[in-house]
Number of protein chains: 2
Amino acid sequence: MPKAVDHEARRRELAEAVWRVISTDGVHRASVRAVAAESGWSTGSLRHYFPTQDSLLAFAMELLADKARARLQAIDDQDNRTVLRRIAEALLPLTTEHRIEVEVWLALLARAQVDPGLQRAERDNREALLSVLSGVLWRATAHGELSESRNPDLEAVRYLAVIDGMTLACVFYAERISAEVALAAIDRHLDDLLGVPSTLPA
Amino acid sequence: MPKAVDHEARRRELAEAVWRVISTDGVHRASVRAVAAESGWSTGSLRHYFPTQDSLLAFAMELLADKARARLQAIDDQDNRTVLRRIAEALLPLTTEHRIEVEVWLALLARAQVDPGLQRAERDNREALLSVLSGVLWRATAHGELSESRNPDLEAVRYLAVIDGMTLACVFYAERISAEVALAAIDRHLDDLLGVPSTLPA
DNA sequence: GTGATATAAATACGCTTGTACTAATACAGT
DNA sequence: ACTGTATTAGTACAAGCGTATTTATATCAC
């Protein structure tokens with residue numbers, strides 16, 4: 001029997017090389033050769049784990065979605081406001097490592113627009129995110145934390161929009177929008193939704 | 001004297017071909033040859049107006065920024081809430097034509113992340129947008145429409161985030177987020193900022 | 001008409017790309 | 001130690017790329 005290699009581990013290793021190439025040179029430079037060189041393997045070896053470039057990029061994108069999902073699932077149940085805050089913290093690019101992930105995600109997202117093979121990761125992630133947010137906000141309504149006059153589904157869409165918009169700002173406008181500003185905007189938004197926490201009940 | 005051609009008009013014509021190629025095939029397919037074929041001109045002709053591919057893409061992006069700026073400047077002075085609404089309408093991809101512009105913009109934005117030549121259009125647009133929003137919100141504070149407890153600059157950042165986030169949702173999640181939902185979220189946000197307009201003053 | 005010249009088209013060069021194929025390597029079971 | 005095979009490396013090929021250069025075209029001043 002030949003050498004035994006952990007297939008999934010190798011695929012992850014190669015996907016991480018994809019991230020590095022995209023982060024520094026852009027998606028359009030993420031050629032099979034460039035990724036192979038970045039990973040330290042030959043193009044022939046890479047092809048054993050990913051028969052085509054598309055499958056390589058698609059896996060790299062799905063792995064990013066998995067990481068985001070894992071961060072979200074690690075949020076333990078607390079009061080609704082804290083959960084909403086933690087979700088924003090899990091999605092916003094507050095650390096350098098996460099910032100790079102978001103940059104790569106956005107680059108792949110733009111490509112997914114014209115590459116059906118990349119669209120699934122985006123759809124699944126989005127779907128999961130919105131249903132989680134809706135769930136929390138419906139629960140908040142049931143607990144009287146969110147006003148009856150508000151539509152929880154619409155508020156979920158709007159809150160996700162704030163997170164996405166602040167994410168864009170952090171990535172493309174970093175010198176103006178710091179992590180502190182991003183979180184301040186999130187907290188201000190939660191104040192509007194759920195009321196200022198430290199004040200007496202109205 | 002030779003044939004006289006309107007240089008700027010031809011450059012715009014070629015830039016529009018760039019938009020079409022990016023919209024249907026993606027930035028990575030926006031080669032000089034592909035754009036020339038889409039425009040109906042030869043690559044040699046194209047090169048008379050854009051010596052390099054980078055200059056072609058940069059001009060295509062700047063032209064998009066110009067169109068957005070023109071839409072914003074066409075908003076005539078009205079009450080602050082209406083102005084804020086109109087700004088959102090000018091930026092959100094509510095029509096098919098505008099939707100394509102936003103798709104192309106996002107594709108070029110992703111590339112601008114690793115291509116300094118494309119970054120200026122993004123910066124200028126962003127800067128102008130934020131200062132307009134801040135101006136309106138400071139005015140709203142002066143008129144007592146925005147609560148003194150709110151920071152107009154932070155609210156400008158947050159409102160732009162909502163617009164950007166809804167824009168992303170409209171483009172990448174169109175079957176779930178319609179134009180109506182996007183505008184409903186905007187109106188809800190303006191309600192939070194400025195109060196519900198149809199009610200009696202508190 | 002004629003000629004000067006901006007524009008258009010065509011061709012060519014060197015490079016990179018995605019993918020395919022072939023030969024060498026190295027390790028698990030006997 | 002031997003053998004078979006998963007893995008790796010290396011090479012090859014056709015296609016597409018950005019760009020340069022060279023030739024042909026068409027129009028305006030005279």
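In the text below, chain A, chain B and the rest are named by the order of the sequence lines, each starting its count at 1. Every value quoted in this text rests on a predicted model; they were computed, and no experiment measured them.
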- Message: Return a single string for nucleotides 13-18 of chain C, one symbol per nucleotide in 5' to 3' order, where B is base contact, S is sugar-phosphate-only contact and - is none, cutoff 4.0 angstrom on heavy atoms.
- Response: ----BB
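- Nearer to the 5' terminus of DNA chain C, by closest-nucleotide assignment, is the contact made by B:His48 (compared with the other of A:Thr43 and B:His48).
- Taking 4.0 Å as the cut-off between side-chain N and carboxylate O, A:Glu145 and A:Arg81 do not count as a salt-bridged pair.
- Looking at heavy atoms from C-beta onward, A:Trp138 lies in side-chain contact with A:Asp153 at the 4.5 angstrom threshold.
- Taking atom CG on B:Asp25 and atom P on D:dG16, their separation rounds to 13 Å, with Å as the unit.
- Here the P atom of nucleotide C:dA6 and the CZ atom of B:Arg11 are 18 Å apart, to the nearest Å.
- Atoms CH2 (A:Trp41) and P (C:dT25) sit 16 Å apart, rounded to a whole Å.
- One atom, OH of B:Tyr49, and another, P of D:dG18, lie 20 Å apart when rounded to the nearest Å.
- The shortest distance between the side-chain N/O atoms of A:Ser45 and the OP1/OP2 oxygens of D:dA9 is below 4.0 Å.
- Close to D:dA6, at under 4.0 Å from its OP1 or OP2, lies no side-chain N or O of A:His7.
- The distance between atom CG of A:Asp6 and atom P of D:dT7, rounded to the nearest whole Å, is 11 Å.
- Counting to the nearest Å, the C1' atom of D:dA12 and the CZ atom of A:Arg47 are 13 Å from each other.
- Cation-pi geometry between B:Arg47 and B:Trp41 is not met at under 6.0 angstrom from the ring centre and within 45 degrees of the axis.
- Legend: residues meeting ring pair (Phe, Tyr, Trp, His ring centres under 6.0 Å) with B:Phe50, ordered by chain and number and at least two apart, are B:Phe59.
- Rounded to whole Å, atom P of C:dA6 lies 16 Å from atom CZ of B:Arg10.
- B:Asp192 is listed as a side-chain neighbour of A:Arg158, based on a closest heavy-atom distance under 4.5 Å.
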Would you be so kind as to tabulate the donor-acceptor pairs closer than 3.5 Å made by side chains of residues 171-186 of chain A, with sequence neighbours excluded?
| unit_1 | atom_1 | unit_2 | atom_2 | d |
| --- | --- | --- | --- | --- |
| A:Tyr173 | OH | B:Glu127 | N | 3.4 |
| A:Tyr173 | OH | B:Glu127 | OE1 | 3.0 |
| A:Glu175 | OE2 | B:Arg123 | NH1 | 3.2 |
| A:Arg176 | NH1 | B:Glu127 | OE2 | 2.5 |
| A:Ser178 | OG | A:Glu180 | N | 3.4 |
| A:Ser178 | OG | A:Glu180 | OE1 | 3.3 |
| A:Ser178 | OG | A:Val181 | N | 3.3 |

